[in-house]
Each structure stands twice: as structure tokens, then as C-alpha cells.
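Below, chains carry the letters A, B, ... as their sequence lines are ordered, and counting in each starts from 1. Just so it is clear, the structure is predicted and the values come from calculations on it, not from any experiment.
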2 protein chains.
Amino acid sequence: MNRKALGTSGYVVLGLALQHGEITPYELKQRIATSVGYFWAYSHPQIYVVSEKLRKAGLLSQRRERSGRRRKMYRITAAGEQVFKGWLSDPIIGHTELRDLAMLKLYFGEFSDQGTICAMARQQVAAHEARLVEYQRIPDQRQLNSFALRTVELGIEFEKMAREYWRIIERDNI
Amino acid sequence: MNRKALGTSGYVVLGLALQHGEITPYELKQRIATSVGYFWAYSHPQIYVVSEKLRKAGLLSQRRERSGRRRKMYRITAAGEQVFKGWLSDPIIGHTELRDLAMLKLYFGEFSDQGTICAMARQQVAAHEARLVEYQRIPDQRQLNSFALRTVELGIEFEKMAREYWRIIERDNI
DNA sequence: CCTATCATGTAATCCGTTACATGATTAT
DNA sequence: ATAATCATGTAACGGATTACATGATAGG
């Protein structure tokens with residue numbers, strides 16, 4: 001209804017529901033953790049809350065398993081699809097936010113000592129390396145559509161850059 | 001006291017207070033907007049709330065202007081400095097989060113049309129270009145310590161990369 | 001002197017996380 | 001059978017944004 005009331009997490013859920021037809025909160029959680037969650041994470045209880053909120057707003061319909069875990073199965077409604085597609089074509093406001101604790105601490109490096117910074121740099125090289133490997137494996141493991149693949153590509157480029165960046169920090173601080 | 005109770009925004013305020021000696025919430029806001037805020041933004045009412053919280057926790061001391069605007073002037077306490085430096089050497093948990101609406105929408109590109117994606121790509125090229133120019137001007141405008149300069153460097157590299165990325169998206173979608 | 005904008009803040013609300021809790025299924 | 005883990009949620013809290021409000025100063 002009023003589109004303003006929906007946060008980004010709501011649109012993520014709508015989008016995934018649209019992609020998958022019928023989906024449980026758990027599947028949503030898994031999907032997010034291995035896709036959009038790489039660059040826009042959120043925690044699992046949120047997913048349950050958001051799904052319920054979307055259902056109440058009439059953007060998702062719900063069907064419940066009759067036996068076993070009695071899982072809630074969500075499906076996007078016509079209204080939901082309309083809201084989601086409207087959001088997709090809304091103009092982008094705001095810019096990329098690069099939230100990174102290590103960068104923040106580096107900014108205040110004057111109050112650290114060389115050993116601490118160097119250790120942090122080493123740890124960051126390893127962390128970005130690990131993430132790079134993880135991203136590089138994604139196209140082999142799952143068949144993604146070309147758009148999802150594209151976002152993975154940016155992830156890969158970013159990790160390469162960050163790894164190199166911290167290597168230089170490490171070298172300069174030894 | 002108990003360090004766990006402090007969020008990242010608290011440490012940002014402590015760090016800036018440590019750098020600047022005595023600082024008002026407004027200066028904090030300005031400083032954040034043109035430094036760490038580039039990669040870790042937050043809104044101005046938060047700064048007032050966080051500063052007060054830090055004062056109550058004994059990590060900042062406060063002096064009030066006697067006339068005019070009766071501004072609150074904050075200064076870091078010995079306890080605050082200790083807590084801040086402790087945080088600096090804490091190990092990093094979690095990874096870089098690259099929060100970007102355009103990337104999110106690109107991920108769901110299958111539900112957009114080419115025109116919309118192309119327009120978004122064009123807008124993103126312009127936005128990253130603008131930001132790049134802004135970052136490149138920073139070293140001339142202000143004298144920053146070498147650590148702050150280093151973080152700006154990553155910002156510049158990122159913007160170059162993102163600009164190039166969206167240029168390719170735009171080209172492929174025309 | 002009046003207006004714009006600078007500077008400072010409060011209150012309400014919402015979003016997201018942490019901690020907790022529990023039933024269902026699978027492996028041994 | 002029993003332990004492990006899969007799957008599903010709730011409740012409480014805290015952090016962050018939005019909307020609102022107001023006094024101080026500067027410019028005309």
C-alpha cells in the first residue's frame with residue numbers, strides 16, 4: 001500500500017519470493033546468506049518478522065504445512081509484485097556505504113602502535129583472501145542468472161583490491 | 001566501564017574527541033560527514049545521544065559555554081582514552097559490508113527492463129564519478145594524517161572500480 | 001529589523017541484533 | 001534411543017532514522 005513504509009529488507013524478501021515462487025523463512029535465510037547477504041547482511045529473526053509484516057500488508061500470502069514442522073510457506077501476491085517492481089524502478093538515493101571496522105581502526109591508526117596495525121593488516125589480507133576464494137567458487141556451485149553473476153563479479157574485484165590494499169599497509173608498517 | 005556496551009558510533013566519537021581535544025557535537029557531525037562518514041555514515045541526532053551517553057559513562061567530560069549558544073564542549077577522559085585504545089587493539093570480527101542499493105537492484109535485474117537498468121547504470125557512473133572527484137580533492141583541502149590519507153586512498157580506488165563496473169553494465173545493456 | 005541559515009537538541013518510531021526457547025528430523 | 005543439528009520462532013533491548021522544534025547569528 002504505502003510503499004514508504006517498507007525498508008530495504010522488505011524488498012529483499014519480496015524479490016526472493018518472486019524469484020522462488022513459494023519459499024519458507026528458513027530458505028529465505030539461506031538464500032540471503034549466500035547471495036545478497038554478502039553485501040547486505042541481516043540476521044535471521046528479522047526475516048521472520050519482516051515476512052509476517054509483509055503478509056499483514058498483503059504483499060505476501062501464506063500457506064501453512066499441515067503436518068511435521070508446520071512451516072509457513074510464503075508466496076508473493078499481485079500487490080507485492082507491483083510494489084517490488086515499483087521499488088526496482090525508483091531512483092537511487094544515497095551512496096555506497098563501505099562499512100568496515102578495520103578501515104575505521106586504520107583511520108585512527110595514530111593511536112595504535114605499529115605492531116597492532118601490522119597484525120590487523122595481516123589478518124585483513126587473510127580475511128579478504130578467504131572471501132575472494134568463496135566468491136570465486138560461487139559460479140561453479142550454483143547456477144545463477146546473469147545479474148546475480150554480475151554482482152558476484154563486483155564482489156570479486158573488491159576483494160582483490162582490498163587484499164592488495166592491506167598487503168601494502170602491512171608492508172609499509174613492518 | 002564494560003566495553004561491550006559501546007557501539008561503533010561510540011568509538012568514532014571517542015576517537016574524534018581524542019584527535020581534537022575539545023569538540024562540540026556540531027563539530028563532531030561536520031567531522032564525521034567529511035571523514036569517517038564517507039564509509040560509515042550516521043545521522044546527526046545520534047551524535048548528540050551518543051555523546052551524552054559517553055558522558056554519563058564517564059568517557060567524555062563536558063564543559064558548557066556560559067553565553068551565546070551555550071554549546072556543550074566535550075573532552076575525552078582518561079577512562080575514555082583507555083576504552084578507546086582497548087577497542088583499537090581488539091581483534092576484528094565480521095567482514096566488510098558493501099551496502100549499495102544499486103547493487104541490490106541489479107541483483108534483481110531480471111525483473112527490471114533494460115531501459116531502467118541502463119538508466120540506473122548511467123546514474124551510478126555519474127554518482128561514483130562525483131564521489132571520486134570529491135575524494136581526490138580531500139588531500140589538497142585539508143591536512144590529514146597519513147592514516148586518514150590511506151583510508152581516502154581506498155575510497156578513491158573503490159570509486160574508480162565502481163565507476164568502471166557500472167560503465168560496463170551500461171554498455172552491455174544498451 | 002527581518003529572514004535565512006546555523007547550531008542544537010528532543011521525541012517517537014522503526015529496524016536489527018542478541019538471547020532465549022522449542023519442536024522436528026537425521027545420524028549413530 | 002539418544003545426540004546432534006535442522007528449522008522455527010518470540011521477547012527484550014538498543015541503535016539509528018525521521019520528524020519536529022527552537023534559539024543564535026549573519027546578511028540584507
With Tyr135(A) via ring-ring contact (aromatic ring centres under 6.0 Å, His included) - residues at least two apart:
Tyr38(A)
Residues which pass ring-ring contact (aromatic ring centres under 6.0 Å, His included) with Phe108(B), listed by chain and number, not counting sequence neighbours
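Partners of Phe108(B) under the ring-ring contact (aromatic ring centres under 6.0 Å, His included) test: Phe84(A).
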Near DNA chain C, which residues from residues 36-51 of chain B have a heavy atom under 4.0 Å away?
His44(B), Pro45(B), Tyr48(B)
Between Glu110(A) and Gln19(B), is there a side-chain donor-acceptor contact under 3.5 Å, judged purely by atom types and distance?
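The criterion, which ignores hydrogens and geometry beyond distance, is satisfied for Glu110(A) and Gln19(B).
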Of all residues at least two apart in sequence or in a different chain, which pass the salt bridge (Lys or Arg N to Asp or Glu O under 4.0 Å) check with Glu134(B)?
none
Who are the salt bridge (Lys or Arg N to Asp or Glu O under 4.0 Å) partners of Glu157(A), not counting sequence neighbours?
Lys160(A)
Enumerate the salt bridge (charged side-chain N to carboxylate O under 4.0 Å, His left out) contacts for residues 111-121 of chain B, please, sequence neighbours excluded, ordered by first and then second residue.
none
d([atom1], [X]; [atom2], [N]) in whole Å:
{"X": "Leu28(A)", "N": "dG16(C)", "atom1": "CG", "atom2": "C1'", "result": "16 Å"}
{"X": "Met73(A)", "N": "dG9(D)", "atom1": "CE", "atom2": "C1'", "result": "17 Å"}
{"X": "Arg99(B)", "N": "dT17(D)", "atom1": "CZ", "atom2": "C1'", "result": "13 Å"}
{"X": "Leu54(B)", "N": "dG15(D)", "atom1": "CG", "atom2": "C1'", "result": "13 Å"}
{"X": "Arg55(B)", "N": "dG9(C)", "atom1": "CZ", "atom2": "C1'", "result": "14 Å"}
{"X": "Lys53(A)", "N": "dG9(D)", "atom1": "NZ", "atom2": "C1'", "result": "18 Å"}
{"X": "Ile93(A)", "N": "dT17(D)", "atom1": "CD1", "atom2": "P", "result": "12 Å"}
{"X": "Glu52(B)", "N": "dT10(C)", "atom1": "CD", "atom2": "C1'", "result": "12 Å"}

Within the structure, does a side-chain N or O atom of [X] lie under 4.0 Å from either OP1 or OP2 of [N]?
{"X": "Lys29(A)", "N": "dG9(D)", "result": "no"}
{"X": "Lys72(A)", "N": "dG9(D)", "result": "yes"}
{"X": "Ser9(B)", "N": "dA16(D)", "result": "yes"}

Backbone N/O of Ile156(A) and side chain of Glu159(A): donor-acceptor pair under 3.5 Å:
no
